[in-house]
Amino acid sequence: MSPIKRYGKATLRIKIIVFTTLTVMVLLAGIGTFSLWYIDNSIHNVLGKNAMNVAKTVSLIRDIQIHVGQARGEWVIQPLVEEIRRATSAEYIVVMDMQGIRYAHPAFSKIGKIFLGGDEKQAFLGKSYISKGEGSTGPSIKAYAPIFRDGQQVGVVVVSMLYPHFTKFLTEIESGFYYILLGGFVLTIFGAAMLAKNIKNQIMGLEPEEIAKLLKERHIILQTVKEGIIAVDNQYRITMINGEGKKILKLTEDVIGRDIREIVHNSHMPEVIVSGIPEHDREHILDNHRAIVANTLPINIKGEVVGAVSSFRDLTELRGLAEQLTGVKRFIDALRAQNHEFLNKLHTIYGLLQLKSYDEAIKYIDSISEIQEEMLGFLAKNIKDDAISGLLLAKYNKMQELKIDFTMDPSSKLSRTEALDTNMLVTIIGNLLENAIDAVSGMEKGKRKVSLTLNDEEEELEIIVTDTGEGIDDIHLSKIFEFGFTTKVGENKGVGLALVKQILDSLEGTIWIDSQTDVGTEAIISIPKKYKVVSQ
């Protein structure tokens, strides 16, 4: 069997040790080679930069600009240049005129003679540059800079810096380098063995084949469930999304690695990651106006939140059954309220008959029938949506039971149209009326008043709900649309108005609240009819 096949059949521990050891050895050799090259290149750059800085500094000295090319100019230039050379540790600094005649050189005997560098031609054309060459004492870096006087080039400065000789340096470190490789080899094997042990513990002793099998099972499970599932990391990047999730969110492209806030603008997953608090059965309105209910949980590893996972269902699938159940509940609530009110009325009639006030009993019965028939007739004529009619009848009976004076504007009407989703309207109107009932329940009987107006225009629907309750002070008024905020006592509070606001935002509707303490509250809602909720 070949070594490659034997390696393929080896356990994960052996694979990690062999692969890590070979990798580290190659890296050490590569790093050593690269380090030497990098040091050489860095020295070249640093020496070249220093040499050029010195050359340009010399070329800008005014006395040198004036005396270069002039008779006996070396008597002024040579002392200045030599002082700079000693201060900068340059091998030599040469100043020459346009004929190449030296005016400064460490060897005074060469002053007045022609410079023989071989690579100075570009400098006489006004260019500054760096070159590497072989000097009398070894490799060197030379910088050339032109000298100008009153805008005309009159000479050139050459600065030479000795280049370090690496042969001696390499000889000194060669033996030490082998010891480093040997030590690195031993440490790598030990470290790889510890790493393999740690990895095996982290993956619960599973081999790659077993992990692959689990991942395939996980993938199949995620793709077959009827809930959308999406996971993000602590940077809010999407790490996983199943097929149902893409279907509900109407995604046609790959979104792995993208920010969840780009895909679902009102996603609460970032909030869950920050707070570490899970959210259960939270309703959301997506950008495509589809309603979902989501459960979002933070992912904790060793006490740190590293991401979040959310499962969600399309409410358009659930609302068929939900509407039936809520319809039955509304019907039961209406019957219960009617039954309670009916018993009260029967007791009143029974009392009048016992008192032999027959005329009063007849009048009382006529008035009850007239009020009930008037409400039923009004709803049948003006409210064409059965779900909304059922809701209003249930609220009317509840308010009758609570001795609340409920009135509907005679001009109110509501057509049955696909432009507005019934479930959303039920949520909006139901929450507003329930808040109004809560607001007036604590008032005196004569002051318990709630009114509703439905203005169904061609392009928009306007909903107005007023009450004569205690009102909302300015401090609380700015917070009433926050999830969980409430001034009421009890569980499941602080959701109604927040949900109403979320629905209205998805429909580009508006809500305006006018409230005065000890006077009452008025809520005005406007919903454009250009949207239709998407269903599967």
Side-chain angles (χ1 to χ4, degrees), residues 203 208 210-301 305-323 418-424 427 483 498-499 501-509 530-536:
I203 60 177
E210 297 171 309
I211 296 173
K213 181 182 177 183
L214 289 175
L215 286 175
K216 288 180 181 178
E217 292 174 352
R218 167 184 172 271
H219 176 75
I220 293 172
I221 292 171
L222 290 176
Q223 298 306 322
T224 54
V225 296
K226 290 297 293 179
E227 286 193 340
I229 300 175
I230 187 169
V232 300
D233 60 20
N234 55 5
Q235 299 299 316
Y236 315 142
R237 294 182 298 241
I238 298 173
T239 58
M240 188 279 298
I241 183 170
N242 69 345
E244 189 66 19
K246 288 184 177 180
K247 185 178 180 181
I248 294 174
L249 297 177
K250 287 195 170 295
L251 300 176
T252 57
E253 57 183 5
D254 185 19
V255 295
I256 300 299
R258 292 181 60 183
D259 195 312
I260 183 63
R261 294 168 294 186
E262 297 177 4
I263 307 303
V264 184
H265 293 145
N266 59 349
S267 171
H268 284 246
M269 296 186 78
E271 296 178 12
V272 171
I273 292 174
V274 173
S275 67
I277 301 173
E279 287 187 353
H280 298 286
D281 299 326
R282 183 73 174 268
E283 289 193 21
H284 300 278
I285 307 298
L286 301 178
D287 297 337
N288 59 11
H289 313 297
R290 175 173 287 181
I292 63 170
V293 59
N295 290 286
T296 306
L297 300 175
I299 302 173
N300 290 283
I301 297 180
V305 178
V306 297
V309 61
S310 180
S311 62
F312 48 94
R313 288 290 300 270
D314 189 340
L315 284 182
T316 56
E317 293 182 349
L318 302 176
R319 275 177 173 161
L321 177 60
E323 181 58 31
E418 292 186 354
L420 294 173
D421 182 70
T422 296
N423 295 293
M424 291 184 175
T427 300
F483 268 101
L499 188 57
K501 183 66 165 63
Q502 189 181 68
I503 293 173
L504 290 173
D505 288 342
S506 73
L507 300 176
E508 294 188 8
K530 59 181 178 178
Y531 288 111
K532 178 181 178 181
V533 174
V534 179
S535 60
Q536 292 183 329

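Count residues from 1 along the sequence. Keep in mind it's a predicted model, so treat the numbers as computed, not measured. All values below were derived from every heavy atom in this structure, side-chain atoms included, with hydrogens, water molecules and symmetry-related copies excluded.
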**Q** Can you name the side-chain contact (heavy atoms from CB on, under 4.5 Å) partners of I256, sequence neighbours left out?
**A**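 Checked I256 against side-chain contact (heavy atoms from CB on, under 4.5 Å); matches are I238, I241, D254.
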**Q** For D233, enumerate each residue passing the side chain to side chain donor-acceptor pair (under 3.5 Å) test, keeping only those at least two apart in sequence or located in another chain.
**A**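 For D233 the side chain to side chain donor-acceptor pair (under 3.5 Å) partners, ignoring immediate neighbours, are R237.
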**Q** Minimum heavy-atom separation for H280 to L297, with atom names?
**A**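 Residues H280 and L297, closest heavy atoms: CE1-CD2, 3.7 Å.
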**Q** Quick one: pull up OG1 in T296 and CD1 in I230 and give me the separation to the nearest 0.5 Å.
**A**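 One gets 10.0 Å once the value is rounded to the nearest 0.5 Å.
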**Q** Only counting residues at least two apart or in another chain, list the ones meeting side-chain contact (heavy atoms from CB on, under 4.5 Å) with S267.
**A**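 Residues passing side-chain contact (heavy atoms from CB on, under 4.5 Å) with S267: I260, V264, M269, P270.
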**Q** Hey, are the side chains of Q235 and D259 touching, using non-hydrogen atoms and a 4.5 Å cut-off?
**A**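 A side-chain contact under 4.5 Å is absent here.
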**Q** When rounded to the nearest 0.5 angstrom, what distance separates CD1 in I263 from CG in L251?
**A**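 Taking CD1 in I263 and CG in L251, the distance rounds to 6.0 Å.
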**Q** Apply side-chain contact (heavy atoms from CB on, under 4.5 Å) to V305 and list each qualifying residue two or more places apart in sequence or on a separate chain.
**A**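 Counting only residues at least two positions away or on another chain, V305 forms a side-chain contact (heavy atoms from CB on, under 4.5 Å) with I273, P298, N300.
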**Q** What distance do K247 atom NZ and T252 atom OG1 have between them, rounded to the nearest 0.5 Å?
**A**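 Taking NZ in K247 and OG1 in T252, the distance rounds to 15.0 Å.
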**Q** Please give me the minimum heavy-atom distance between I229 and F312, naming the atom from each residue.
**A**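 Answer, listing the atom of I229 first, then F312: N-CE2, 4.1 Å.
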**Q** Has N295 got a side-chain atom pairing as donor or acceptor with P278's backbone, closer than 3.5 angstrom?
**A**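 No: the side chain of N295 does not pair with the backbone of P278.
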**Q** Given 3.5 Å as the limit, does a donor-acceptor pair link the side chain of T239 with the main chain of A231, or not?
**A**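 The answer is yes, because a donor-acceptor pair under 3.5 Å joins these two groups.
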**Q** Among residues at least two apart in sequence or on other chains, which ones pass side chain to side chain donor-acceptor pair (under 3.5 Å) with E271?
**A**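 Scan of E271 (side chain to side chain donor-acceptor pair (under 3.5 Å), adjacent residues dropped) gives H268.
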**Q** With sequence neighbours excluded, what pairs up with R258 under the salt bridge (Lys or Arg N to Asp or Glu O under 4.0 Å) test?
**A**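 R258: salt bridge (Lys or Arg N to Asp or Glu O under 4.0 Å) contacts with E253, E262.
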**Q** First locate atom CD1 of I292, then atom CZ of R313, and finally report the distance between them rounded to the nearest 0.5 Å.
**A**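 Here the interatomic distance stands at 12.0 Å.
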**Q** Could you list the residues that satisfy salt bridge (Lys or Arg N to Asp or Glu O under 4.0 Å) with E279, not counting sequence neighbours?
**A**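 Partners of E279 by the salt bridge (Lys or Arg N to Asp or Glu O under 4.0 Å) criterion, ordered by chain and then number, come out as R282.
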